[in-house]
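To keep things clear, I will list the structure first and then write my remarks on it.
Note that this is a predicted model, so its numbers are computed, not measured.
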Amino acid sequence: MPSWYIEHSPNTITAAEKEQLAKSITKLYVSRGLPAFYVQVHFSEDIPGTAFVGGEPHPNFAAVTIYHIARAFKSDEAKRQFLAAVDEILNPVFEPKEMEWEYFIAEASRDLWKINGLVPPQTGSEGEKKWAELNKAVKLQCA
């Protein structure tokens with residue numbers, strides 16, 4: 001699972017932009033071998049008066065929290081490349097609106113993750129390939 005939570009000021013990201021972001025984010029992970037259904041993108045529009053930056057309401061801000069469980073970065077170079085890819089997704093949407101934004105990535109242990117009560121197959125395994133092909137979690141037959 002990569003799971004993205006994008007909290008943003010009211011009326012700053014349109015429905016079409018949300019769909020575009022979700023598709024671009026999913027494409028990023030699929031290009032790195034993850035099944036599409038692993039990717040979650042959640043948008044939450046802040047209610048006026050409920051979000052503050054530096055103690056003040058901010059009319060044009062997005063805070064992005066990214067959780068990684070399905071994969072972990074194996075090198076500093078992999079981290080740099082991934083952060084650059086994230087920037088390529090977010091910048092075209094946020095910069096023209098002169099938004100301010102911040103994001104961070106948290107990695108958690110893969111052994112603390114289940115989908116529909118099932119332990120996801122190991123990275124690159126035939127089971128994971130089957131899940132990717134079906135685009136859903138299924139019980140796998142033991143050989």
Side-chain angles (χ1 to χ4, degrees), residues 1-46 50-143:
M1 147 181 120
S3 188
W4 287 47
Y5 294 87
I6 302 172
E7 296 182 60
H8 57 93
S9 300
N11 305 311
T12 53
I13 306 174
T14 68
E17 289 168 331
K18 290 175 184 177
E19 185 173 346
Q20 172 199 343
L21 285 167
K23 287 181 179 186
S24 295
I25 291 164
T26 300
K27 183 178 177 182
L28 170 64
Y29 289 99
V30 169
S31 75
R32 286 166 167 75
L34 271 74
F37 80 96
Y38 279 15
V39 183
Q40 302 174 21
V41 181
H42 306 268
F43 294 90
S44 179
E45 188 169 298
D46 294 324
T50 63
F52 299 83
V53 177
E56 301 291 331
H58 195 300
N60 207 18
F61 185 79
V64 182
T65 305
I66 305 167
Y67 295 101
H68 281 179
I69 296 177
R71 304 283 193 277
F73 295 112
K74 294 184 182 192
S75 69
D76 287 341
E77 180 58 26
K79 291 176 189 177
R80 281 190 290 277
Q81 288 177 1
F82 189 83
L83 293 175
V86 170
D87 290 341
E88 287 178 17
I89 291 169
L90 297 179
N91 291 354
V93 175
F94 295 163
E95 281 183 347
K97 298 170 180 269
E98 298 182 0
M99 290 180 72
E100 294 183 14
W101 68 95
E102 178 177 329
Y103 67 87
F104 76 92
I105 300 170
E107 292 183 331
S109 176
R110 195 176 202 280
D111 61 350
L112 297 174
W113 172 44
K114 286 188 169 184
I115 300 176
N116 298 339
L118 302 170
V119 174
Q122 288 300 310
T123 301
S125 68
E126 290 304 313
E128 188 180 63
K129 291 174 186 171
K130 185 68 171 175
W131 279 27
E133 174 190 329
L134 298 172
N135 202 31
K136 66 179 184 176
V138 296
K139 290 183 182 178
L140 299 170
Q141 299 294 335
C142 295

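In this structure, F43 has its ring center no closer than 6.0 Å to that of W4. With ring centers used as reference points, Y29 lies under 6.0 Å from H68.
With sequence neighbours excluded, the residues forming a side-chain hydrogen bond (donor to acceptor under 3.5 Å, both in side chains) with E100 are H58, listed by chain and number. Annotation: salt bridge (charged side-chain N to carboxylate O under 4.0 Å, His left out) contacts of D76 (sequence neighbours excluded): K79. Scored by the side chain to side chain contact (heavy atoms under 4.5 Å, CB included) test, L83 finds Y103, I105 as partners (sequence neighbours excluded). Applying the side-chain hydrogen bond (donor to acceptor under 3.5 Å, both in side chains) criterion to Q81, with sequence neighbours excluded, gives E77. In this structure, the side chain to side chain contact (heavy atoms under 4.5 Å, CB included) partners of A22, at least two apart in sequence or on a different chain, are V41. Evaluation of the salt bridge (charged side-chain N to carboxylate O under 4.0 Å, His left out) rule for K114 yields no partner, not counting sequence neighbours. With sequence neighbours excluded, no residue forms a side-chain hydrogen bond (donor to acceptor under 3.5 Å, both in side chains) with K27. Partners of T123 by side-chain hydrogen bond (donor to acceptor under 3.5 Å, both in side chains), not counting sequence neighbours, listed by chain and number: R71. Partners of A78 under the side chain to side chain contact (heavy atoms under 4.5 Å, CB included) rule, at least two apart in sequence or in another chain, are F73, S75. For E102, there are no salt bridge (charged side-chain N to carboxylate O under 4.0 Å, His left out) partners at least two apart in sequence or on another chain. Under the side chain to side chain contact (heavy atoms under 4.5 Å, CB included) criterion, S31 pairs with no residue, sequence neighbours left out.
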Worked check of side chain to side chain contact (heavy atoms under 4.5 Å, CB included) between E95 and L90
CA-CA 8 Å; E95 281 183 347; L90 297 179; over 6 Å; no

Can H8 and S44 be said to form a side chain to side chain contact (heavy atoms under 4.5 Å, CB included), step by step?
CA-CA 6 Å; H8 57 93; S44 179; 6.0 Å; no

Walk me through whether I6 and H42 qualify under side chain to side chain contact (heavy atoms under 4.5 Å, CB included).
CA-CA 6 Å; I6 302 172; H42 306 268; over 6 Å; no

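Applying the salt bridge (Lys or Arg N to Asp or Glu O under 4.0 Å) test to residues at least two apart or on different chains, the pairs with a partner in residues 14-24 are E17-K97, E19-K23.
Remark: the backbone N or O of F61 is paired with a side-chain donor or acceptor of S9 at under 3.5 angstrom.
Side-chain contact check for F104 versus I66: every heavy-atom pair is 4.5 Å or farther apart.
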